[in-house]
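What follows is a short report on a single structure.
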2 protein chains.
Amino acid sequence: MNQPTQSAHTWQSIRAEVLRRIRSREWPPGSMIPNEADLAIELGCARATVNRALRDLAEAGVLDRRRRAGTRVAATPVRRAVLQIPVIRDEVAALGQPYGYRLLSREMAAPPPTVAATLSLPTGEAALHVRALHLSGAHPFVIEDRWITPAAAPGILDADLSQVSANEWLVRNAPFTAGTLSFGAVCADDQLAALLDCASGTPLLRLDRTTADGARIVTAAALTYHAGYRLRTTI
Amino acid sequence: MNQPTQSAHTWQSIRAEVLRRIRSREWPPGSMIPNEADLAIELGCARATVNRALRDLAEAGVLDRRRRAGTRVAATPVRRAVLQIPVIRDEVAALGQPYGYRLLSREMAAPPPTVAATLSLPTGEAALHVRALHLSGAHPFVIEDRWITPAAAPGILDADLSQVSANEWLVRNAPFTAGTLSFGAVCADDQLAALLDCASGTPLLRLDRTTADGARIVTAAALTYHAGYRLRTTI
DNA sequence: GAGAAAAATATGTATAGACATATATACCAT
DNA sequence: ATGGTATATATGTCTATACATATTTTTCTC
């Protein structure tokens, strides 16, 4: 008397049906929807399948779920956009351009106070400072200006950063558990303009990134992209 | 002889153990890991539990999984950062500031060619053009410059956009299924500078957003943020 | 009525078992 | 060798069942 084990009701189809009801205003924003057990009966599938579908929609921000309180349609759906943060080499390759890399400078130095604070370094303590230019074909793509806590990235001081960018070396060799990302706009100063082959004063997108392994900040990097660069994603 | 139904092995604990092995280089980047069935036996839980843990790690970009081929540790983990795109009112409120809104202009007009192309509008056909300023306390926060296809947003022509921003009206009243987002940097021209209370030439972060319901583009908006604004997220 | 304790309930999750599906690999015919 | 076909296998998913957990609601006590 059991249903066939694999029914026509996949969790994706359940999710599609729920989405349809939300979009048709059958279940308007802010309203409660039936509980999992009832939905399972109505739609003719197991509760686990409904759970999978609703959990997915909750992750996407379409539903709000709370134990005992039930599930409601999000009143103002907070849309989540997923940014893919690839290794720069891969990002350039995805554009169909040959990737190039040039190490500009590499030195141990005491970072400026703001960077020292970000890295939680005692004042005056030195860190590894690396600047590099990534190229897309013959054109400058992005400038990487990075500070690294050597103690948090064992081996970095022996790495040949003229061959492999710090970006890639760290991704491959320094495990990390968390990080922050922030975007802003800056004006090209003379140095940036020369490196990125644009006019001084050109507005540029800048991405600041920190990477941590547990509580310890491994690296802080500023990526300044070439003029006209846009970061794209879909919702 | 069954294990107790709720064992100490939750899918989160399985995920933590897998992550530990990856980070300790027991399973180095690029290497295969045991299949689900074997892992389930080794870790003393059901395969479904292992599946849940590994699926989660695959979604996070830590693992690559393919049917029949098995599961391997991602060689260069593509990090995914999740951007929360809240309604502007909520974003300002989250900063602890009172939210303000001022409609700058509202008119039906034929959009410039680039916008017409984005909206898939026939040349010369009019669309609703709305410009508004969102305030954080007394300070300008972001300028919204938006074109709307009225046919795709029934009711928008009757909405009182001097009270509710087009942003909010659309979120609440126009169902949408997909969209694109792109970030770039622009320089403040005289008009932007005046509205955003900054010097002409200041670099500003600009977000371009399109929203679609199925194949039909509902709206295209450009959000130009105040000087110094940073978009933040965590990895 | 106020506050604490108990019951009810919706979601969250684990399990065993079965089948579905993609695809790597082995095998076979040419 | 080459190309097509069969087979094996790892992941993907559904089901039924049971228990866990967070809250809300109700009931009891003072």
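Because the structure is a prediction, the values reported are computed rather than measured. Residue numbering restarts at 1 for every chain, and letters A, B, ... go by the order of the sequence lines.
- Regarding contacts with the backbone of D:dT13, a side-chain N or O of A:Q12 is found under 4.0 angstrom from either OP1 or OP2.
- Partner B:I14 forms a side chain to side chain contact (heavy atoms under 4.5 Å, CB included) with one of B:L43, B:D56, B:L54, B:L57 and no other, that one being B:L43.
- Regarding A:R47, its CZ atom lies at a distance of 11 Å from the C1' atom of C:dT9, rounded to whole Å.
- Between B:N51 and the phosphate of D:dT11, there is no side-chain N or O to OP1/OP2 separation shorter than 4.0 Å.
- A straight line from CZ of B:R15 to P of C:dT13 spans 10 Å, rounded to a whole angstrom.
- Contacts between residues 29-39 of chain A and DNA chain D, counted as heavy-atom distances below 4.0 Å, involve no residue at all.
- Applying the side chain to side chain contact (heavy atoms under 4.5 Å, CB included) rule to A:E26 yields the partners A:R20, A:R21, A:S24; only residues at least two apart in sequence or on another chain are considered.
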**Study point:** Chi angles and distances behind the side-chain hydrogen bond (donor to acceptor under 3.5 Å, both in side chains) call for A:T211, A:T219
**Key:** CA-CA 5 Å; A:T211 300; A:T219 178; 5.9 Å; no
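- Judged as a side chain to side chain contact (heavy atoms under 4.5 Å, CB included), and not counting sequence neighbours, B:T114 has no contacts.
- In terms of the salt bridge (charged side-chain N to carboxylate O under 4.0 Å, His left out) criterion, residue partners of A:E36 (sequence neighbours excluded) are, by chain and number, A:R47, A:R65.
- For D:dT13, neither phosphate oxygen OP1 nor OP2 lies less than 4.0 angstrom from any side-chain nitrogen or oxygen of A:T49.
- Scanning residues 52-74 of chain B for heavy-atom distances under 4.0 Å to DNA chain D yields B:R65, B:R66, B:R67, B:R68, B:G70, B:T71.
- Judged by distance alone, with hydrogens and angles left aside, the side-chain atoms of B:R52 form no donor-acceptor pair with the main-chain N or O of B:T10 at under 3.5 Å.
- Regarding A:H9, its NE2 atom lies at a distance of 11 Å from the P atom of D:dC14, rounded to whole Å.
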Check your understanding: Reading DNA chain C 5' to 3', what string of ( ), [ ], | and . shows its pairs, if Watson-Crick and G-U wobble pairs count only when both distances fall under 3.5 Å?
Key -> ||||||||||||||||||||||||||||||
